[in-house]
Q: 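The structure follows.
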Amino acid sequence: MNTDDLKGLSEKIAAQLAAAGARAWIPGPVRPEPPGRPTAGALPAWAAAAQSLPDVGPSRRPGHPRHRVDYAGLVVAARQAAAARGPSPLPAGSAAGSARRGTATSAREVPIGVSNRHLHVSQTDVATLFGAGKALTAKRPVTQPGQYATEETVTVVGRGGKIDGVRLVGPARGRTQLELSPADCRTLGIAAPVKLSGRLEGSAGGVTLEGPAGRVTLESGVIVAQRHLHVAPADAQRLGVADGDEVAVECGPAGRRVTLHDVAVRMGPTHATELHLDVDEANAAQVATGDAARIVARGRGERRGRRPLLTERDVALLAARGETLAAGGPYLLTPAARDRARALGVWRERP
Ligand SMILES: [Zn+2]
């Protein structure tokens with residue numbers, strides 16, 4: 001077969017193929033190009049190297065955007081810590097965290113805000129004390145967003161004495177609450193319990209508020225505010241705390257240094273990070289608003305309690321005893337334990 005024969009043969013094959021039509025040929029797989037023209041040199045959107053973890057890593061951490069973990073931020077923090085240019089992003093107490101105690105310290109510092117005696121008032125009591133239709137006048141904002149000290153003051157009268165010029169903190173709340181220091185309680189001759197703001201079960205009464213327009217006698221609502229740490233969600237990771245935790249803090253200059261235990265952590269979008277102490281506590285440690293305190297220990301508060309962690313084995317044992325488990329119960333379940341409980345038919349979605 002010479003060159004001409006070969007040429008003739010290839011022309012015949014080409015003619016046959018053309019006659020059969022293009023559809024007879026199965027097109028090879030082609031990866032579709034994504035919409036939009038890729039920039040020269042840029043990785044196509046579908047390339048594995050162009051993906052970033054934040055797009056795939058889900059996050060269930062409160063205060064963080066859903067389904068997004070700031071891996072880029074974590075990488076930067078880890079690299080800075082490795083280069084000793086920033087605090088360790090690792091939780092304190094881990095080997096790496098305690099090895100770098102010097103730099104980790106600043107990561108656990110919080111500013112102190114000293115709370116003088118003050119009154120939160122209900123709308124009804126505002127009307128009684130200052131006159132119907134009277135609104136509270138803001139004097140200056142306090143650190144917690146949206147709250148302010150008012151121009152208005154009241155006189156608080158107790159069995160043992162009275163205190164003039166008690167400042168109100170607005171805006172008006174659902175229920176009137178008077179926050180005093182233990183020394184104030186002694187002045188007034190009352191015994192108020194230590195309570196978290198807003199938890200008024202068992203709070204004291206027996207004081208009278210005197211305003212320019214009238215008086216209100218409180219049956220309850222008088223407390224010594226439990227020392228607490230407001231935490232903005234953005235600071236939760238740095239401080240390693242969550243809402244409901246209890247921490248111990250150290251503050252004060254040499255010679256007056258104190259460690260305060262039972263500091264309740266309150267976290268939420270309306271909170272600014274600040275440790276709230278009353279005047280007595282601040283005087284004992286000789287600290288003032290704006291000084292720094294340092295978190296020295298962390299614990300689980302009442303809300304998280306001491307809920308035991310149940311494993312698959314525990315669930316099987318409980319099921320064998322005829323017990324059932326429910327979401328929100330006084331225990332925590334590993335994911336596998338929950339699946340086991342479902343499979344054994346001893347799981348209820350509602351308590
Ligand atoms: Zn507070």
Side-chain angles (χ1 to χ4, degrees), residues 112-132 134-140 142-144 147-228 251-252 256 258 260-264 274-291:
I112 295 172
V114 182
S115 303
N116 202 349
R117 63 184 81 96
H118 63 273
L119 180 70
H120 298 279
V121 265
S122 68
Q123 200 60 62
T124 321
D125 289 348
V126 170
T128 313
L129 293 166
F130 303 102
K134 183 86 170 58
L136 296 172
T137 324
K139 180 183 168 75
R140 57 181 170 77
V142 297
T143 322
Q144 298 309 307
Q147 297 190 31
Y148 51 87
T150 66
E151 294 286 355
E152 294 82 4
T153 60
V154 293
T155 297
V156 179
V157 184
R159 280 182 291 275
K162 66 171 188 168
I163 300 173
D164 288 316
V166 175
R167 195 67 67 184
L168 276 68
V169 171
R173 285 193 182 183
R175 209 175 147 187
T176 296
Q177 173 180 310
L178 178 62
E179 297 181 34
L180 302 171
S181 76
D184 295 333
C185 293
R186 210 160 303 132
T187 305
L188 296 170
I190 62 159
V194 175
K195 293 268 176 195
L196 262 182
S197 177
R199 312 246 178 102
L200 299 180
E201 321 80 54
S203 58
V207 299
T208 301
L209 312 174
E210 294 181 351
R215 6 167 88 208
V216 172
T217 297
L218 296 181
E219 301 293 323
S220 66
V222 186
I223 60 168
V224 171
Q226 183 185 345
R227 50 184 77 131
H228 57 278
C251 59
R256 294 287 281 189
V258 299
L260 300 167
H261 298 270
D262 310 329
V263 179
E274 199 173 47
L275 172 69
H276 280 182
L277 304 179
D278 72 20
V279 173
D280 291 6
E281 290 168 325
N283 285 342
Q286 212 171 312
V287 292
T289 295
D291 288 349

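Numbering of residues begins at 1 and proceeds along the displayed sequence.
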Q: What residues, two or more places apart in sequence or in another chain, satisfy side-chain hydrogen bond (donor to acceptor under 3.5 Å, both in side chains) together with Ser181?
A: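 For Ser181 the side-chain hydrogen bond (donor to acceptor under 3.5 Å, both in side chains) partners, ignoring immediate neighbours, are Asp184, Asp280.
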Q: Applying side-chain hydrogen bond (donor to acceptor under 3.5 Å, both in side chains), can you list everything that pairs with Arg256, at least two apart in sequence or on another chain?
A: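 With neighbours one apart ignored, the set is Gln286.
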Q: Looking at residues at least two apart in the chain, or sitting in another chain, which of them share a salt bridge (Lys or Arg N to Asp or Glu O under 4.0 Å) with Glu281?
A: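 Counting only residues at least two positions away or on another chain, Glu281 forms a salt bridge (Lys or Arg N to Asp or Glu O under 4.0 Å) with Arg227.
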Q: Can you name the side chain to side chain contact (heavy atoms under 4.5 Å, CB included) partners of Arg140, sequence neighbours left out?
A: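 Partners of Arg140 by the side chain to side chain contact (heavy atoms under 4.5 Å, CB included) criterion, ordered by chain and then number, come out as Val142, Ala149.
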Q: Suppose we screen for side chain to side chain contact (heavy atoms under 4.5 Å, CB included). Which residues come up paired with Ser203, at least two apart in sequence or across chains?
A: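 Partners of Ser203 under the side chain to side chain contact (heavy atoms under 4.5 Å, CB included) test: Leu200, Ser220, Ile223.
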Q: Would you please name every residue forming a side-chain hydrogen bond (donor to acceptor under 3.5 Å, both in side chains) with Glu210, sequence neighbours left out?
A: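 Partners of Glu210 by the side-chain hydrogen bond (donor to acceptor under 3.5 Å, both in side chains) criterion, ordered by chain and then number, come out as Arg215.
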Q: What residues form a ring-ring contact (aromatic ring centres under 6.0 Å, His included) with His228, not counting sequence neighbours?
A: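 ring-ring contact (aromatic ring centres under 6.0 Å, His included) check on His228 returns His230, His276.
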Q: Okay, side chain of Gln123, backbone of Arg175: is any donor-acceptor separation there less than 3.5 Å?
A: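 Checking the backbone N and O of Arg175 against the side chain of Gln123, no donor-acceptor pair under 3.5 Å is found.
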Q: Any side chain to side chain donor-acceptor pair (under 3.5 Å) involving residues 157-166? Give me the pairs, sequence neighbours left out, ordered by first then second residue.
A: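 Every side chain to side chain donor-acceptor pair (under 3.5 Å) pair that includes a residue of residues 157-166, provided the two are not neighbours, is Thr155-Asp164.
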Q: So, using side-chain hydrogen bond (donor to acceptor under 3.5 Å, both in side chains) as the criterion, who are the partners of Glu152 when residues are at least two apart?
A: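 Expected list: Lys134, Thr137.
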Q: Can you list everything that forms a side chain to side chain contact (heavy atoms under 4.5 Å, CB included) with Ala225? Sequence neighbours excluded, please.
A: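 Ala225 satisfies side chain to side chain contact (heavy atoms under 4.5 Å, CB included) with Glu179 once adjacent residues are dropped.
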Q: Applying side chain to side chain contact (heavy atoms under 4.5 Å, CB included), name anything that partners Val114, two or more places apart in sequence or on another chain.
A: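 For Val114 the side chain to side chain contact (heavy atoms under 4.5 Å, CB included) partners, ignoring immediate neighbours, are Ile112, Val279, Ala282, Thr289.
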